[in-house]
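Below, all heavy atoms of this structure are taken into account, side chains as well, without hydrogens, waters or symmetry copies.
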Amino acid sequence: MMNKIIILISISLIVVTIIAWITGYYPVAFVKPADSGWLGWRPIFAKTLDANYSTALNFYKSQLKNKEILADAQTEIKRAVLQSLIEDKIIESEINKKIGTSEFEKQIDEKLNKINLSTDRIKEGAKFLYGLSVEQLKNTVLTEQAKREIAAGLFGSPDKNFDDWLREKFKSSKIIVLIPVRV
């Protein structure tokens, strides 16, 4: 009876691992912002990294008029994207602590609603520059920019700019990267 249970658990773990690998829902990094408690670890999934990397690569290709991007440059882009995703986890955690999740989401919506995304020019630009639909552009690039603007307003000051604040929070956070990219 015990052997059947062990076999069933083993098969289940293998199936879950295969599904996670196929769908991209496996972690490539974990971020624990400072002062977030022992349960404060936040995962970054491969699917998110790949989507953001693809967006960044499309952007750089559009800027280079579709010339080939060297392997070293691609590695640097992937590193920068992962660092940005780590920073986003830190920013979200700090903003949620300061103003709460619902107020944070309200402010993001307010910023995004000010942008007119319905013009043909915006639709063409999103597709050309990022390889994204307008909805995808809104949910990724513009949402992350809105989060950073909100954070800059909350944590920037005349004494210390937002980048200095973010650098300090980055250094005081615990970060585990599970893929061969340095951040």
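Under the 4.5 Å side-chain heavy-atom criterion for Ile, Leu, Val, Met, Phe, Trp and Tyr, Leu132 and Val134 are members of the same hydrophobic cluster. In the hydrophobic clustering of this structure, Ile176 does not group with Phe45; members are Ile, Leu, Val, Met, Phe, Trp, Tyr whose side-chain heavy atoms approach within less than 4.5 Å, directly or through other members. Hydrophobic clustering of Ile, Leu, Val, Met, Phe, Trp and Tyr side chains at less than 4.5 Å, counting indirect connections, keeps Ile90 apart from Phe30. Linking ILVMFWY side-chain heavy atoms closer than 4.5 Å, directly or via other members, places Ile175 and Leu178 in two distinct hydrophobic clusters. No single ILVMFWY cluster, assembled from side-chain heavy atoms under 4.5 Å apart, contains both Val16 and Leu8.
Ala56 and Val81 make their closest contact through CB-CG2, 3.8 Å (heavy atoms, listed as atom of the first residue, atom of the second, distance). Summarising the geometry of Ser62 relative to Phe128, their closest heavy-atom pair is CB-O, 3.6 Å, with the distance given to 0.1 Å. Of all the heavy atoms in Phe162 and Ala151, the pair that sits closest is CE1-CB, 3.4 Å. Listed here is the closest heavy atom pair of Ala34 and Ser173: N-OG, 3.6 Å.
Listed for the Thr143 side chain is a donor-acceptor partner under 3.5 Å among the backbone atoms of Lys138.
With a 4.5 Å cut-off between side-chain heavy atoms of Ile, Leu, Val, Met, Phe, Trp and Tyr, the cluster of Ile14 takes in Ile18, Ile22.
A 6.0 Å sphere centred on NZ of Lys97 holds more than 12 heavy atoms belonging to other residues, nucleotides or ligands. Environment of CG in Asn161: crowded, with over 12 heavy atoms of neighbouring residues, nucleotides or ligands closer than 6.0 Å.
Rounding to the nearest 0.5 Å places CD1 of Ile5 at 11.5 Å from OG of Ser12. To the nearest 0.5 Å, the span separating CG on Asp88 from CD on Glu92 amounts to 6.5 Å. Note that the CD1 atom of Ile44 and the CD1 atom of Ile86 stand 5.0 Å from one another [nearest 0.5 Å]. Taking CD1 from Ile91 and CG from Leu166, the interatomic distance works out to 5.0 Å, rounded to the nearest 0.5 Å. Taking CG from Leu129 and NZ from Lys61, the interatomic distance works out to 14.5 Å, rounded to the nearest 0.5 Å.
Considering only residues two or more places apart in sequence or on other chains, Glu144 meets the salt bridge (Lys or Arg N to Asp or Glu O under 4.0 Å) condition with Lys147. In this structure, Phe170 has no ring-ring contact (aromatic ring centres under 6.0 Å, His included) partners at least two apart in sequence or on a different chain. Arg167 is linked by a salt bridge (Lys or Arg N to Asp or Glu O under 4.0 Å) to Asp164, counting only residues two or more places apart in sequence or in another chain. Remark: Phe155 pairs with Trp165 by the ring-ring contact (aromatic ring centres under 6.0 Å, His included) rule, at least two apart or across chains. Tyr53 meets the ring-ring contact (aromatic ring centres under 6.0 Å, His included) test with no other residue; sequence neighbours excluded. Glu168 meets the side-chain hydrogen bond (donor to acceptor under 3.5 Å, both in side chains) test with Lys160; sequence neighbours excluded. For the ring-ring contact (aromatic ring centres under 6.0 Å, His included) test, no residue two or more places apart in sequence or in another chain qualifies with Phe104.
Put simply, the side chain of Ser54 reaches to within 4.5 Å of the side chain of Asn58, judged on heavy atoms. When side chains are defined from C-beta on, Ile179 counts as touching Leu49, because their heavy atoms get closer than 4.5 Å. In this structure, the side chains of Trp41 and Lys174 come closer than 4.5 Å at one or more pairs of heavy atoms.
The residue from Arg42, Lys89, Arg148, Lys169 that alone fulfils the salt bridge (charged side-chain N to carboxylate O under 4.0 Å, His left out) condition with Glu94 is Lys169.
The stretch residues 121-134 participates, sequence neighbours left out, in these side-chain hydrogen bond (donor to acceptor under 3.5 Å, both in side chains) pairs: Ser133-Gln136. Evaluation of the ring-ring contact (aromatic ring centres under 6.0 Å, His included) test over residues 74-93, restricted to residues two or more places apart or in two chains, returns none.
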May I have the list of side-chain donor-acceptor pairs in residues 71-79 shorter than 3.5 Å, sequence neighbours left out?
from  : atom 1 : to    : atom 2 : distance (Å)
Gln74 : NE2    : Ile69 : O      : 2.9
Thr75 : OG1    : Ala71 : O      : 3.0
Glu76 : OE1    : Arg79 : NE     : 3.1
Glu76 : OE2    : Arg79 : NE     : 3.2
Glu76 : OE2    : Arg79 : NH2    : 2.7
Arg79 : NH1    : Gln83 : OE1    : 2.5

For residues 107-117, run the donor-acceptor check on the side chains, cut-off 3.5 Å, and write out each pair with its distance to 0.1 Å, sequence neighbours left out.
from   : atom 1 : to     : atom 2 : distance (Å)
Gln107 : NE2    : Glu103 : OE2    : 3.0
Lys111 : NZ     : Glu149 : OE1    : 3.3
Asn113 : ND2    : Asp109 : O      : 3.0
Asn116 : OD1    : Ser118 : N      : 3.1
Asn116 : OD1    : Ser118 : OG     : 2.7

